[in-house]
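Letters go in sequence order (proteins before strands), and every chain restarts at 1.
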There are 2 protein chains.
Amino acid sequence: MPRTVLDRDDAVRALAGVFRRRGFESGSLSVIQQETGIGRGSLYHFFPDGKADMARAVLAQVRGWFDEQVFEPLRTAGDAGEAVAHMTQVVEEYFVSRDRVCLFAAMTLGEEQETFAREVRAYFADWVDVLTGTLHRSGISGPDAADLAVDAVAAIQGGLIMTRALDDDAVFTGIVARTGRRLHAALS
Amino acid sequence: MPRTVLDRDDAVRALAGVFRRRGFESGSLSVIQQETGIGRGSLYHFFPDGKADMARAVLAQVRGWFDEQVFEPLRTAGDAGEAVAHMTQVVEEYFVSRDRVCLFAAMTLGEEQETFAREVRAYFADWVDVLTGTLHRSGISGPDAADLAVDAVAAIQGGLIMTRALDDDAVFTGIVARTGRRLHAALS
DNA sequence: GTCTATAAAGCGATAGAC
DNA sequence: GTCTATCGCTTTATAGAC
């Protein structure tokens, strides 16, 4: 028996995978144990409050990734067109390589909705706000920029649903490409 | 104690409400019993195979509603502009009055994904196909019509996620309005 | 930090009376 | 068609050895 010793970050990454594949409710501790190879003891050592702690940690890790890779580049971008191109590229890679599931979107359904309402709202509000800012700084009016930003984030999220439903990655990549094109057209 | 006697359709409607509010996995039989007022006995009388039967029945009822109210009007429409306006109007009313949850979209996550993959795929594929047909018949090229249709359905689904996440109905109604406008612009 | 055993509660599903 | 009682199983969470 290997009895591997790992740190909390490894556990969080493994948990994120399980939650994406099985959902938060369905991903029982037995399943988590099997699919991650982490025993009950370790799980409760890292996450004393159980599943709620695990979900919190996973969401925080996703949030951190978006802060670094998506939100901050949009905030500090010189050229809005490049920033939008960068956003669509990294977002597409991110979701395609992670089972086409957005864990924050998943948290808008079911019981866990209320538990993580604050974090979920902040994630989407910040994404929209920071994209609105990028568009606005390059000359688009406030209201137009806000509409374009909401529509873009919604398109990406809807694209994830459609690509899972139709079981076809091209649906998502097509939607992301056209979303980028629409933003680009508004910038010129 | 009332001991109300009801038929299967009443039960299906009540179940749909519970599944929209709590999710399919979280909606346990105890919760279903409490929130619908239907006892375990009645539930298993109407749905002998248990929760899977209940989910199947609820999805079938939603599918029937969309066939009548959305898909068929799009198929038989004379004027594409009117048909699109009708679609956006009834779809907006439907989801706003039903907790901003699309049960088919909810079924693209978690365990139940595989169980209902066929029905989920058919729902979204038919919606996209029938809308593509409406746009194509009014002169839009095949590929363009298909892209517009996928984008429109994705926008609506993404709009539901965003409106739940931001807890603001105006987000959904705004997205639906602009989606209708975009389709309308393509038709002129 | 990891393991196993186990407690306590909740789950879906069934049986049989009414 | 509805009710209640109950079975068997799985769940989350804990305890204590290593």
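Scored by the side-chain hydrogen bond (donor to acceptor under 3.5 Å, both in side chains) test, Glu111(A) finds Arg22(B) as partners (sequence neighbours excluded). By the salt bridge (charged side-chain N to carboxylate O under 4.0 Å, His left out) test, Asp169(A) is found to be paired with Arg100(A), residues two or more places apart in sequence or in another chain being considered. Under the salt bridge (charged side-chain N to carboxylate O under 4.0 Å, His left out) criterion, Arg56(A) pairs with Asp53(A), not counting sequence neighbours. Remark: Arg181(B) engages no residue in a salt bridge (charged side-chain N to carboxylate O under 4.0 Å, His left out) (not counting sequence neighbours). Residues forming a salt bridge (charged side-chain N to carboxylate O under 4.0 Å, His left out) with Asp67(B) (at least two apart in sequence, or on another chain): Arg63(B).
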Which pairs of donor and acceptor atoms, one on a side chain in residues 149-163 of chain A, lie under 3.5 Å apart (sequence neighbours left out)?
| residue | atom | partner | partner atom | Å |
| --- | --- | --- | --- | --- |
| Asp151(A) | OD1 | Arg178(B) | NE | 3.2 |
| Asp151(A) | OD1 | Arg178(B) | NH2 | 2.8 |
| Asp151(A) | OD2 | Arg178(B) | NE | 2.8 |
| Asp151(A) | OD2 | Arg182(B) | NH2 | 3.2 |
| Thr163(A) | OG1 | Asp168(A) | O | 2.4 |
| Thr163(A) | OG1 | Phe172(A) | N | 3.4 |

Side-chain donor/acceptor pairs under 3.5 Å, residues 71-83 of chain A, sequence neighbours excluded:
| residue | atom | partner | partner atom | Å |
| --- | --- | --- | --- | --- |
| Glu72(A) | OE1 | Arg75(A) | NE | 3.3 |
| Thr76(A) | OG1 | Glu72(A) | O | 3.1 |
| Asp79(A) | OD2 | Gly81(A) | N | 3.3 |
| Asp79(A) | OD2 | Glu82(A) | N | 2.7 |

For residues 112-120 of chain B, tabulate all N or O donor-acceptor pairs below 3.5 Å that involve a side-chain atom, not counting sequence neighbours.
| residue | atom | partner | partner atom | Å |
| --- | --- | --- | --- | --- |
| Gln113(B) | NE2 | Thr108(B) | O | 3.4 |

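Across all strands shown, Gly50(A) has heavy atoms under 4.0 Å from sugar-phosphate atoms exclusively, and none from any base.
By the 4.5 Å heavy-atom criterion applied to side chains, Val70(A) and Trp65(A) are counted as neighbours. Annotation: side chain of Asp9(B) is not in contact with side chain of Gln61(B) (no heavy-atom distance under 4.5 Å).
The ring pair (Phe, Tyr, Trp, His ring centres under 6.0 Å) analysis of residues 7-30 of chain A, with sequence neighbours excluded, yields the pairs Phe19(A)-Phe24(A).
Side-chain N/O atoms of His45(B) include none lying less than 4.0 angstrom from OP1 or OP2 on dT2(D).
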Pull out every protein N or O sitting under 3.5 Å from an N or O of nucleotides 5-8 of chain D, one pair per line with the distance.
none

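Following rounding to the nearest Å, Arg8(A) (CZ) and dG1(C) (P) show an atom-to-atom distance of 11 Å. One atom, OH of Tyr44(A), and another, P of dT14(D), lie 7 Å apart when rounded to the nearest Å. Protein atom CG of Asp10(B) is 12 Å distant from nucleotide atom P of dG1(D), rounded to whole Å. Atom CG in Leu43(B) sits about 11 Å away from atom C1' in dT2(D), given to the nearest Å.
Using a 4.0 Å cutoff on non-hydrogen atoms, no part of residues 16-26 of chain A comes near DNA chain D. Across residues 28-36 of chain B, Ser28(B), Leu29(B), Ser30(B) each have a non-hydrogen atom less than 4.0 Å from an atom of DNA chain C (numbered order).
Take the nearest nucleotide of DNA chain D for Ile38(B) and for Gly27(A): the residue whose nucleotide is more 5' is Ile38(B).
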